[in-house]
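Remember, it's a predicted structure, so these values are computed and weren't measured experimentally. The figures here come from the full heavy-atom set of this structure, side chains too, leaving out hydrogens, waters and symmetry mates. Every chain is numbered from 1, with letters handed out A, B, ... down the list of sequences.
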Amino acid sequence: MINLDLSEQEIIRRQSLEEIRSLGINPYPAAEYNVNTNSTEILSNYSVEKNNFQDVSIAGRIMTRRIMGNASFIEIQDDKGKIQVYVKRDNLCPGEDKTLYNTVFKKLLDIGDIIGVKGNVFITQMGETSINAVELIILSKSIKPLPVVKEKDGVIYDAFTDPDQRYRQRHLDLIVNPHVRDAFLKRTKLTNSMREFLNQKGYLEVETPILQPLYGGAAARPFKTHHNTLDQTLYLRIANELYLKRLIVGGFDGVYEFAKDFRNEGMDRFHNPEFTQMELYVAYKDYNWMMNTVEEMVEKIALDIHGTTEVQVGDHKINFKRPWKRFTMFEAIKEFTGIDISQMDENQLTETAKKLGVEVNDTMGKGKIIDEIFGEMCEAKLIQPTFITDYPVEMSPLAKKHRSVDGLVERFEAICNGKEICNAYSELNDPIDQRERFEQQLILGKRGDEEAMVLDEDFLKAIEYGMPPTAGLGIGIDRLTMIMTNSQSIQDVLFFPQMRQEKKSQKDDTSKFADAGIPSEWIPIVQKSGHLTVESLKGINAASLHNKLCGTNKKHKLGLANPSIDDIKSWLEKLN
RNA sequence: CGGCCCGUAGCUCAGCUGGUAGAGCACGUGACUCUUAAUCAUGGGGUCGAGGGUUCGAUCCCCUCCGGGCCGACCA
């Protein structure tokens with residue numbers, strides 16, 4: 001029986017599937033299919049003079065079909081791109097039996113099907129490099145129609161653009177939107193380039209716990225979970241900083257991790273609940289050294305991805321060429337507001353903030369106000385990569401106090417395209433100072449700051465044994481990828497960005513309809529007519545239901561004997 | 001959490017403040033031996049996101065809900 005939930009096109013494809021099987025062809029063959037080249041290799045290397053690619057075997061998905069009687073053109077898409085295939089009846093079927101062309105290819109194959117093609121490469125009269133198919137095999141039959149995107153002279157028609165569908169069904173997005181695929185290839189290039197840089201320096205890639213009994217290393221609200229055997233609360237990490245520093249205590253001179261972190265906070269085009277950071281810790285270095293390292297690393301990444309240090313991002317051309325501009329936070333504020341706040345006390349800072357239109361309130365300390373002024377007045381204006389150094393101590397409980405300026409810490413962020421891309425410091429290794437800083441955080445926590453850090457006794461104990469002076473870095477992989485791929489949203493650089501679960505419409509089980517006295521063969525039809533629950537049948541007009549059911553029966557050629565109005569009345573009476 | 005916008009065929013979109021829906025592509029059938037957004041002819045395809053209200057009558061007006069986008073708030 002026909003499934004009433006399927007669209008016309010899906011029904012036709014399932015029928016094609018059966019016909020393929022009845023011709024003795026397996027639409028999902030088990031055997032491996034050997035390919036000896038790919039679309040891009042052919043398109044970039046084929047030449048008539050060389051007469052190469054005369055025995056190619058490739059596999060891919062059918063993306064377009066242009067059928068004209070005994071000759072056809074299709075485009076197939078493989079891992080590297082698209083290539084046109086010329087399918088001529090008598091080349092594909094040299095013998096008497098033309099079934100493979102006339103029936104299988106022309107009638108039973110569809111856009112979206114995955115096939116293998118063997119043949120020779122040539123150039124058509126229109127000048128397009130194509131494969132002349134002498135062999136064609138179905139590798140996987142597609143029973144759902146793909147979005148059809150057309151293109152001519154670089155102009156895209158009917159692009160598949162609905163963000164909801166693109167993110168929930170990323171596979172479709174990847175099939176029909178080549179630029180999406182390209183962004184993800186660049187993302188992997190970025191992490192490969194970074195890893196190569198770090199390995200070449202001799203640092204050790206490590207893995208540390210994602211499930212942590214205490215969350216630390218950043219200011220954020222965590223996800224909470226529970227371990228059954230331990231009967232204990234665990235948190236998904238918000239950062240891995242404290243574990244990596246314990247490894248530095250343990251004697252590794254350089255450790256890094258590409259870490260998925262989880263923060264239970266708002267979502268927007270710059271924030272996803274899970275995101276990736278690369279954290280790096282190097283012993284006997286300080287934040288000045290780390291700035292040089294970041295410049296060198298990001299410049300290399302830009303060169304590896306784009307072949308140049310210049311990257312177009314929105315309206316801006318961003319240049320990652322070293323050296324980057326450097327400002328202390330006070331200098332940056334002076335640069336963009338003309339006001340020198342370096343010597344101001346809390347009252348003067350509050351006055352200045354108000355004058356500048358920056359919102360402040362009584363709960364904010366000196367550090368928070370400075371940070372707020374910077375965030376409002378400077379950050380968005382920093383388009384070219386710029387280091388901002390020397391932050392107020394209140395904002396940075398894990399950073400070492402500044403070697404020469406009171407009230408500041410040795411910390412820097414790199415700002416690019418108006419957004420932070422990394423955060424680093426000379427790590428605090430004085431265990432007594434560290435304990436005091438944690439205690440200040442505890443006070444903030446008691447005042448209701450949900451993001452205040454918790455005191456991590458294990459970490460403190462570790463650095464009491466002595467941690468070498470260390471430079472530490474956290475660099476946001478998603479944000480850096482956004483810049484390197486000119487993406488407007490973090491969703492465009494995550495394969496599967498977090499989406500709200502769609503609620504399925506309430507639907508009663510068929511048994512519930514059966515219990516209510518509806519004959520089993522009519523249940524799907526009743527549901528198709530819009531009555532997904534037994535409840536929804538109560539009190540409705542028998543004649544109108546009769547009309548709908550008989551109509552559906554006829555329309556879908558189900559061939560059931562129509563019930564009489566009295567039959568339907570009796571069903572409905574039992575319900576009421 | 002607040003403001004604005006969106007949800008109609010497999011896809012991209014029309015639809016006059018109200019009379020139960022249209023186009024292009026895709027799909028079916030037929031024609032066509034080098035096409036390329038193939039073409040020509042013809043046909044089918046829709047609980048108009050869900051529920052409720054107003055109305056003789058709702059894709060359209062009102063309310064609630066679901067999902068998404070943008071901006072802001074919060075936040076790195």
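A:M499 has its CE atom 5 Å from the P atom of B:G68, to the nearest Å. Across the protein-nucleic acid pair, A:R168 atom CZ and B:G7 atom C1' stand 13 Å apart, rounded to whole Å. Across the protein-nucleic acid pair, A:D173 atom CG and B:G10 atom P stand 19 Å apart, rounded to whole Å. Atom CG of A:L6 is separated from atom P of B:G46 by 13 Å (rounded to the nearest Å). Atom P of nucleotide B:C11 and atom CD1 of A:I156 are separated by 18 Å, given to the nearest angstrom. At whole-Å resolution of the value, CD1 in A:I62 and P in B:U35 are 21 Å apart. Between the CZ atom of A:F73 and the P atom of B:A38 there is a distance of 12 Å, rounded to whole Å. Separating the CZ atom of A:R65 from the C1' atom of B:U39 is a distance of 16 Å, rounded to the nearest angstrom.
Within the nucleic acid shown, A:D158 comes within 4.0 Å of at least one base atom, counting heavy atoms only. Within 4.0 Å of A:Y157, counting heavy atoms only, lies at least one base atom of the nucleic acid. When heavy atoms are screened at a 4.0 angstrom cut-off, A:Q84 is found touching base atoms of the nucleic acid. Counting any heavy atom pair closer than 4.0 Å across all strands shown, A:K107 reaches sugar-phosphate atoms only and no base atom. Residue contacts shown for A:R166 are absent, as no nucleic acid heavy atom lies under 4.0 Å away. Using a 4.0 Å heavy-atom cutoff across all strands shown, A:Q277 reaches no nucleic acid atom at all. Among the heavy atoms of the strands, none lies under 4.0 Å from A:Y101. No contact: A:A218 has no heavy atom under 4.0 Å from any strand. Residue A:R89 is out of contact with every strand shown, counting any heavy-atom pair closer than 4.0 Å. Contacts of A:D162 with the nucleic acid, taken as non-hydrogen atoms under 4.0 Å apart, involve only primed sugar atoms and P, OP1 or OP2.
In this structure, the nucleotide among B:G44, B:C27, B:G68 sitting nearest to the side chain of A:I12 is B:C27. Closest contact between the side chain of A:I67 and the listed nucleotides B:U35, B:G67, B:C32 involves B:C32. Of the candidate nucleotides B:U35, B:G68, B:A76, B:U35 has the atom lying nearest to any side-chain atom of A:E128. Closest approach to the A:M68 side chain among B:A38, B:G69, B:A26 is made by B:A38 (side chain taken as heavy atoms from C-beta onward). Among B:G68, B:U36, B:A76, the nucleotide with an atom closest to any side-chain atom of A:M126 is B:U36. Listed nucleotides: B:G45, B:C70, B:G69. Nearest to the side chain of A:S489: B:C70.
Between B:G10 and B:C48, the two P atoms lie 12 Å apart (nearest whole Å). Spacing of P atoms, B:G68 relative to B:C74, comes out at 23 Å, to the nearest Å. Taking the P atom of each, B:U17 and B:G28 are spaced 40 Å apart, rounded to whole Å. For the P atom pair drawn from B:A73 and B:A38, the interatomic distance equals 47 Å after rounding to whole Å. B:G45 sits 31 Å from B:C56 when the C1' atoms are compared, rounded to a whole Å. B:C32 and B:C13: their P atoms are spaced 37 Å apart (whole Å). For the P atom pair drawn from B:C62 and B:G3, the interatomic distance equals 16 Å after rounding to whole Å.
In this model, a side-chain donor or acceptor of A:T124 finds a partner on the base of B:U35 within 3.5 Å.
Residues A:D90 and A:K98 are paired through a salt bridge, judged by an N-O separation under 4.0 Å between the basic side chain and the carboxylate. With salt bridges taken as basic N to acidic carboxylate O contacts below 4.0 Å, one links A:K245 and A:E241. A salt bridge links A:R237 with A:E257; the closest basic N to acidic carboxylate O contact falls under 4.0 Å. Remark: A:K368 does not engage A:E394 in a salt bridge, criterion side-chain N to carboxylate O under 4.0 Å. Using a 4.0 Å cut-off between charged nitrogen and carboxylate oxygen, A:K141 and A:D113 count as a salt-bridge pair. Salt bridge status for A:R166 with A:D162: absent, with no side-chain N to carboxylate O gap under 4.0 Å.
Across every strand in view, B:G45 sits unpaired, with no contact that passes the Watson-Crick or G-U test at under 3.5 angstrom. Across all strands shown, B:G24 forms a Watson-Crick or G-U wobble pair with B:C11, both key distances being under 3.5 Å. Base pairing annotation: B:G2 forms a Watson-Crick or G-U wobble pair with B:C71, both donor-acceptor distances under 3.5 Å. Pair check for B:U39 finds B:A31; Watson-Crick or G-U wobble, both atom distances under 3.5 Å. Using the Watson-Crick or G-U wobble rule with both distances under 3.5 Å, B:G57 pairs with nothing in any strand shown. Remark: B:A50 base-pairs with B:U64; criterion is Watson-Crick or G-U wobble with both hydrogen-bond distances under 3.5 Å.
The backbone N or O of A:A183 lies less than 3.5 Å from no partner atom in the side chain of A:T485, so there is not a single donor-acceptor pair. Using modelled atom types, no side-chain atom of A:R170 and backbone atom of A:F496 make a donor-acceptor pair closer than 3.5 Å.
RNA chain B is contacted by both A:E413 and A:T161; A:T161 maps to the nucleotide lying nearer its 5′ end (nearest heavy atom per residue). Between A:D110 and A:G69, the one whose closest nucleotide on RNA chain B sits nearer the 5' end is A:D110.
For B:G69, one of the phosphate oxygens OP1 or OP2 lies less than 4.0 angstrom from a side-chain nitrogen or oxygen of A:Q491. Taking side-chain N and O atoms only, A:Q165 has a distance below 4.0 Å to OP1 or OP2 of B:C11. Phosphate proximity of B:A76 to A:R263: absent, as no side-chain N or O sits under 4.0 Å from OP1 or OP2. Note on A:R66: every side-chain N or O is 4.0 Å or more away from OP1 and OP2 of B:A37. In this model, the phosphate group of B:G30 is not approached by any side-chain N or O of A:K106 to a distance below 4.0 Å at OP1 or OP2.
In this structure A:E18 satisfies the salt bridge (Lys or Arg N to Asp or Glu O under 4.0 Å) test together with A:R21, sequence neighbours excluded.
Both tests hold for A:K419 against A:F270: distance to the six-membered ring centre under 6.0 Å, angle to the ring axis within 45°.
No close placement of the A:Y287 and A:Y425 rings is indicated, their centers lying 6.0 Å or farther apart. Aromatic pair A:F122/A:Y86: ring centres closer than 6.0 Å.
Contacts between residues 144-152 of chain A and RNA chain B, defined by a heavy-atom separation under 4.0 Å, are made by A:P145, A:P147, A:V148, A:K150, A:E151, A:K152. Within residues 264-272 of chain A, the residues that place at least one heavy atom under 4.0 Å from RNA chain B are, in residue-number order, A:E265, A:D268, A:R269, A:H271.
A:K354 NZ: 12 or fewer foreign heavy atoms inside a 6.0 Å radius.
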Apply the test side chain to side chain contact (heavy atoms under 4.5 Å, CB included) to residues A:L473 and A:M297: give CA-CA distance (whole Å), side-chain angles for both, the deciding distance (0.1 Å), then the verdict.
CA-CA 12 Å; A:L473 167 74; A:M297 180 168 77; 4.2 Å; yes
